[in-house]
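Each chain gets a letter, A, B and so on, in the order the sequences are listed, and its residues count up from 1.
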There are 2 protein chains.
Amino acid sequence: MFRALVVEDQTLMRLALMNEVQASFEECIVLGAETLNIATAELQNNHFDLVVIDPGLPGFDPTSQGDRVAVVDKIIEASPSAIHVVVTGSDNLCEADGFRQIGAAAYLGKTGLAPGVFRDVLDDISTKGFSLRLSRVVMTKPDYRFSVLTPREQEAIDMMAHREPGVKRKEIFSLMADRLAIDAGSAEKYYKQARAKLMRQGHPLPRGL
Amino acid sequence: MFRALVVEDQTLMRLALMNEVQASFEECIVLGAETLNIATAELQNNHFDLVVIDPGLPGFDPTSQGDRVAVVDKIIEASPSAIHVVVTGSDNLCEADGFRQIGAAAYLGKTGLAPGVFRDVLDDISTKGFSLRLSRVVMTKPDYRFSVLTPREQEAIDMMAHREPGVKRKEIFSLMADRLAIDAGSAEKYYKQARAKLMRQGHPLPRGL
DNA sequence: AAAAATAGGGATGACATCATCCCTTTTTTG
DNA sequence: CAAAAAAGGGATGATGTCATCCCTATTTTT
């Protein structure tokens with residue numbers, strides 16, 4: 001059974017990261033720790049295959065490079081056989097190198113760290129040994145979220161809304177089919193159903209229909 | 001139809017906040033913006049009832065108090081009729097006062113901002129006019145997350161794991177029943193089912209069973 | 001010893017989502 | 001024009017979760 005630990009003080013982010021880890025493994029146990037104390041206690045008593053760390057923890061100065069390295073270093077030394085992924089909001093190349101030198105397998109900026117990216121990061125690690133994803137701004141339009149839509153319908157709307165001009169809808173349906181491992185016809189159906197729901201409720205649809 | 005906008009650069013956090021907003025309203029549309037540019041473009045073209053803002057956006061100095069105020073101020077001026085909630089990782093009482101004075105209805109620290117808290121914040125706003133929740137460390141034990149459990153089962157395990165010594169399980173079942181608006185017997189069933197699943201797979205259960 | 005709490009199951013219907021396949025009409029494109 | 005793309009529906013079964021009610025031992029309290 002794959003065991004992972006997520007060390008992050010921001011609750012919503014911790015839960016989101018735990019979700020990402022869970023989504024990356026068939027069967028697994030994921031623990032979440034808010035503080036270094038909780039984390040070290042767990043690391044002493046149990047074995048972990050993967051540890052995700054945000055170095056900006058309570059009780060440490062987030063601007064002090066020494067504090068940040070100390071946090072990560074302590075965790076790495078307490079779990080030498082695990083894969084260590086550093087996640088931070090204030091990322092930079094210099095710090096990435098530093099963490100890499102003390103044994104981290106990945107360094108990720110929080111901006112641009114979207115659902116699904118974590119899986120890619122793990123692929124990077126197993127193929128190249130290290131994964132570096134610095135923060136970068138990607139969005140040009142906002143994301144829409146409608147409470148009336150099912151997850152599948154929401155995804156269909158999302159992908160269609162981000163369609164580049166000139167790209168046919170059919171192509172989006174194929175893409176969606178690939179990503180969700182379903183039939184292209186089903187993807188089309190979800191999109192149409194979603195669209196119909198929004199129209200029925202008189203919603204102003206995002207541009208691109 | 002209730003319309004909300006979440007302005008936050010960290011993708012996972014933005015999605016989590018959008019979820020929190022959605023969970024707080026029956027029917028709603030929630031937009032997510034990664035940058036101030038996207039946000040202001042939306043604010044110009046559409047009306048919003050609620051705007052959630054993280055002042056630490058790309059292109060601004062997160063350590064500069066002036067930059068942070070400028071971001072929030074620009075958004076508030078662009079949507080004077082909306083409720084404005086400021087969410088930040090580096091929160092302090094002084095900044096909270098500052099944002100309150102320019103019209104924010106809530107100031108929330110990211111640490112301790114857990115699922116469900118947002119609803120309470122909105123209650124605070126409508127009753128007291130302002131909600132202040134500074135970051136604070138709450139956890140003493142880690143959270144466990146098992147991929148084999150359904151959400152209900154996971155919640156049952158969560159709540160039981162955080163049971164104070166001396167508290168009877170029956171009481172937890174009642175509490176769970178209250179919080180989920182279900183029967184106490186059902187809550188008990190979920191817990192037992194979850195426990196059975198974990199035992200069957202040979203998982204070392206968290207202390208407190 | 002009696003009462004309450006806990007452990008451990010089985011069976012059930014309601015319900016929503018997922019995924020598929022089918023159909024027609026209109027619009028756009030080559 | 002002909003063909004492809006798109007809009008707009010209806011019907012279907014599989015599946016999983018939710019929520020409930022039922023049952024019997026065993027253990028712990030009182």
Rounding to an integer number of Å, can you tell me how far B:Tyr190 OH sits from D:dC18 C1'?
4 Å
Send over the distance from A:Phe173 CZ to D:dA6 P, rounded to a whole Å.
7 Å
Proximity to the side chain of B:Lys192 - top-ranked nucleotide from C:dG8, D:dA7, D:dC18
C:dG8
Pairwise 5' ranking along DNA chain D for B:Lys189 and B:Lys168, keeping only the more 5' one:
B:Lys189
Base, sugar-phosphate, or nothing for B:Ser186, non-hydrogen atoms under 4.0 angstrom?
base
Checking contacts here: which listed nucleotide (C:dC21, C:dG9, C:dT6) is nearest the side-chain heavy atoms of B:Glu188?
C:dT6
Go nucleotide by nucleotide along DNA chain C from the 5' end; which of B:Arg200 and A:Leu180 gets its closest nucleotide reached first?
B:Arg200
In whole angstrom, give the distance that lies between atom CD of B:Glu153 and atom P of D:dA19.
12 Å
How many whole angstroms separate atom CG of B:Asp183 from atom P of D:dT17?
21 Å
Rounded to the Å, how far apart are B:Gln193 CD and D:dC18 P?
10 Å
If you count the non-hydrogen atoms of other residues, nucleotides and ligands that lie under 6.0 Å from NZ in B:Lys141, is the total more than 12?
yes
Which residue lies toward the 5' end of DNA chain C, B:Arg169 or A:Ala184, if each is placed at its nearest nucleotide?
B:Arg169
Which one, D:dC18, D:dG8, C:dA7, comes nearest to the side chain of B:Pro151?
D:dC18
Can you tell me the distance, in whole Å, between the CD atom of B:Gln154 and the P atom of D:dT17?
13 Å
Can you check the B:Arg163 CZ to C:dA5 P distance for me, whole Å?
13 Å
Of the options D:dC18, C:dA19, D:dG8, whose atoms approach the side-chain atoms of B:Arg152 most closely?
D:dC18
Closest to side chain of A:Lys170, choosing from D:dA5, C:dG8, D:dC18
D:dA5
So, is the end of the A:Arg169 side chain (NZ or CZ) under 6.0 Å from the ring centre of A:Tyr191 and within 45° of the ring's axis?
no
Of all the heavy-atom pairs spanning B:Gly56 and B:Asp54, show the shortest one and how long it is.
N-OD1, 2.9 Å
Does A:Lys74 have more than 12 heavy atoms from other residues, nucleotides or ligands lying within 6.0 Å of its NZ?
no
Integer-rounded Å distance: D:dA4 P and A:Glu171 CD
15 Å
Is the ring pair A:Phe146/A:His203 parallel, tilted or perpendicular, if the boundaries are 30 and 60 degrees?
tilted
